[in-house]
Amino acid sequence: GKINIHSNSDAVQADGILTILGGDFDIQTMDGYTTAGFNSASSSAKGMKSDGPIVISGGDFCLNTIDDAIHSDDTILITGGSFSINTKNDGIHADNYLLLGDLNGLERNPMITINYCYEGMDSARIAIFSGKYSINANDDGINAANKKLKTDNKVNTENHSISIYGGDFYIVAGADGLDSNGTLDILGGEIEIWAATSGAENPLDYETTMTLRNARVFAAGSYGMGWAKPSGNSQLYKNYHAKIQAGKQVFVRDGERIL
């Protein structure tokens with residue numbers, strides 16, 4: 001069925017597990033992502049919110065929210081569905097775990113387009129197995145972070161990770177493209193990143209180690225935090241520094257073949 005919700009607070013809220021198997025959802029909170037004067041410290045106007053896990057296996061979702069579009073205080077698992085998201089805050093936020101797609105899953109499961117957001121996807125641990133993703137973020141595209149997980153007021157890197165096993169990604173970010181406060185493992189998929197061109201930002205940013213295998217990655221942006229340096233057992237990669245005028249075409253070649 002079709003579900004239309006226009007709310008001045010949380011549109012869908014669960015105290016336990018929120019499970020969605022299908023349906024057509026059109027959800028807006030307040031005046032949408034262009035709402036003026038909203039204070040997230042004192043108010044909550046999220047699209048779909050749960051204190052427990054959120055599990056989505058199908059459906060069509062149009063989410064226009066001033067607060068997080070999809071938010072869990074625990075875990076989010078999305079294996080299917082089509083999402084169009086506009087939000088002033090995070091597109092998809094899970095405090096602990098964010099799991100997307102299926103191992104050997106179809107490219108379209110899920111299909112997530114985040115047209116406007118602060119951060120696209122945000123969780124302490126992120127694992128992506130399949131799907132098609134387009135993210136336009138004012139800050140980080142995909143961020144492994146949780147301010148609650150600190151030791152001696154410092155981020156505990158052991159509790160943070162981004163692991164990509166498959167999927168198709170197009171990310172435009174005002175800060176980092178992929179940012180992990182722990183490990184960054186790219187073990188499959190096709191990834192195109194356009195990140196910030198100045199400042200202490202990187203298209204691929206990580207705190208401890210990075211592994212790159214079985215993937216096709218193009219990542220452009222500032223190297224204010226230094227070059228990304230995958231571990232010794234990674235595939236071949238190339239770091240290249242150049243300033244290119246806006247509007248110019250960039251080709252990456254392997255011999256005569258354009259990659």
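Bear in mind that the values here come from a model prediction, so they are computed numbers and not experimental data.
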How many angstroms lie between atom SG of Cys62 and atom CD1 of Ile27, to the nearest 0.5 angstrom?
-> 9.0 Å
Taken to the nearest 0.5 Å, the spacing of Asp140 CG from Cys117 SG works out to 10.0 Å
Candidates Thr113, Ile171, Ile114, Ile128 - the one meeting side chain to side chain contact (heavy atoms under 4.5 Å, CB included) with Tyr133 | Ile128
Without hydrogens or angle criteria, can the side chains of Thr87 and Thr65 be said to hold a donor-acceptor pair below 3.5 Å?
-> yes
State whether a side-chain donor-acceptor pair under 3.5 Å links Asn109 with Ser130.
-> no
Counting only N and O atoms by type, is there a donor-acceptor contact under 3.5 Å from the side chain of Ser222 to the main-chain atoms of Gly199?
-> yes
How far apart are the closest heavy atoms of Ser123 and Ala94, and which atoms are they?
-> OG-O, 2.8 Å
CA sep, side-chain torsions, deciding dist, call: Ile70, Ile76, side chain to side chain contact (heavy atoms under 4.5 Å, CB included) = CA-CA 9 Å; Ile70 305 173; Ile76 293 176; 3.9 Å; yes
So do the side chains of Asp90 and Met121 get within less than 4.5 Å of each other, counting heavy atoms only?
-> no
Atom pairs and distances, donor-acceptor, side-chain atoms in residues 186-198, under 3.5 Å, two or more places apart:
residue	atom	partner	partner atom	Å
Glu192	OE2	Trp194	NE1	2.7

Within a radius of less than 6.0 Å around CD of Gln235, do more than 12 heavy atoms belonging to other residues, nucleotides or ligands occur?
-> yes
Worked check of side chain to side chain donor-acceptor pair (under 3.5 Å) between Tyr206 and Asp179 | CA-CA 6 Å; Tyr206 56 94; Asp179 181 6; over 6 Å; no
Main-chain N/O of Ser40 paired with Ser43 side-chain donor or acceptor, under 3.5 Å | no
Donor-acceptor contact below 3.5 Å, side chain Ser50 vs main chain Gly16 | yes
Taking atom CZ of Phe38 as the centre, does the number of heavy atoms from other residues, nucleotides or ligands within less than 6.0 Å exceed 12?
-> yes
Check Thr79 against Gly101 and note the closest heavy-atom contact, atom names and distance.
-> CG2-O, 3.8 Å
Which ring-ring contact (aromatic ring centres under 6.0 Å, His included) pairs, counting each pair once, include a residue from residues 53-88, with sequence neighbours left out?
-> Phe25-Phe61, Phe61-Phe83, His71-His93
Pairwise distance CD1(Ile92) to CG(Leu100) - rounded to 0.5 angstrom | 6.0 Å
NZ-OG distance between Lys49 and Ser44, expressed to the nearest 0.5 angstrom | 3.5 Å
Find the distance between CZ (Phe169) and CD1 (Ile142) and round it off to the nearest 0.5 Å.
-> 5.5 Å
Please answer: with hydrophobic residues joined when any side-chain heavy atoms are less than 4.5 Å apart, are Met111 and Leu63 in the same cluster?
-> no
Compute whether any side-chain donor of one residue and acceptor of the other, for Asn214 and Tyr165, lie under 3.5 angstrom apart.
-> no
Compare all side-chain heavy atoms of Ser84 with those of Asn115 and state whether any distance is below 4.5 angstrom.
-> yes
Please name the pair of heavy atoms, one in Ala144 and one in Ala124, separated by the smallest distance, quoted to 0.1 Å.
-> CB-O, 3.5 Å
Only pairs at least two apart or in different chains count here, so list each salt bridge (Lys or Arg N to Asp or Glu O under 4.0 Å) that has a residue in residues 36-48.
-> Lys46-Asp67
Determine whether more than 12 heavy atoms belonging to other residues, nucleotides or ligands lie under 6.0 Å from atom CD1 of Ile3.
-> yes
Can you tell me if Gln28 uses its side chain to pair, donor with acceptor, with the backbone of His6 under 3.5 Å?
-> no
Point-to-point distance, once rounded to the nearest 0.5 Å, from CD1 of Ile85 to OG of Ser134 | 11.0 Å
Verify whether one side chain among Asp74 and Asn96 offers a donor that lies under 3.5 Å from an acceptor in the other.
-> yes
Examine the side chains of Asn143 and Asp122 and answer whether a donor and an acceptor come within less than 3.5 Å of each other.
-> yes
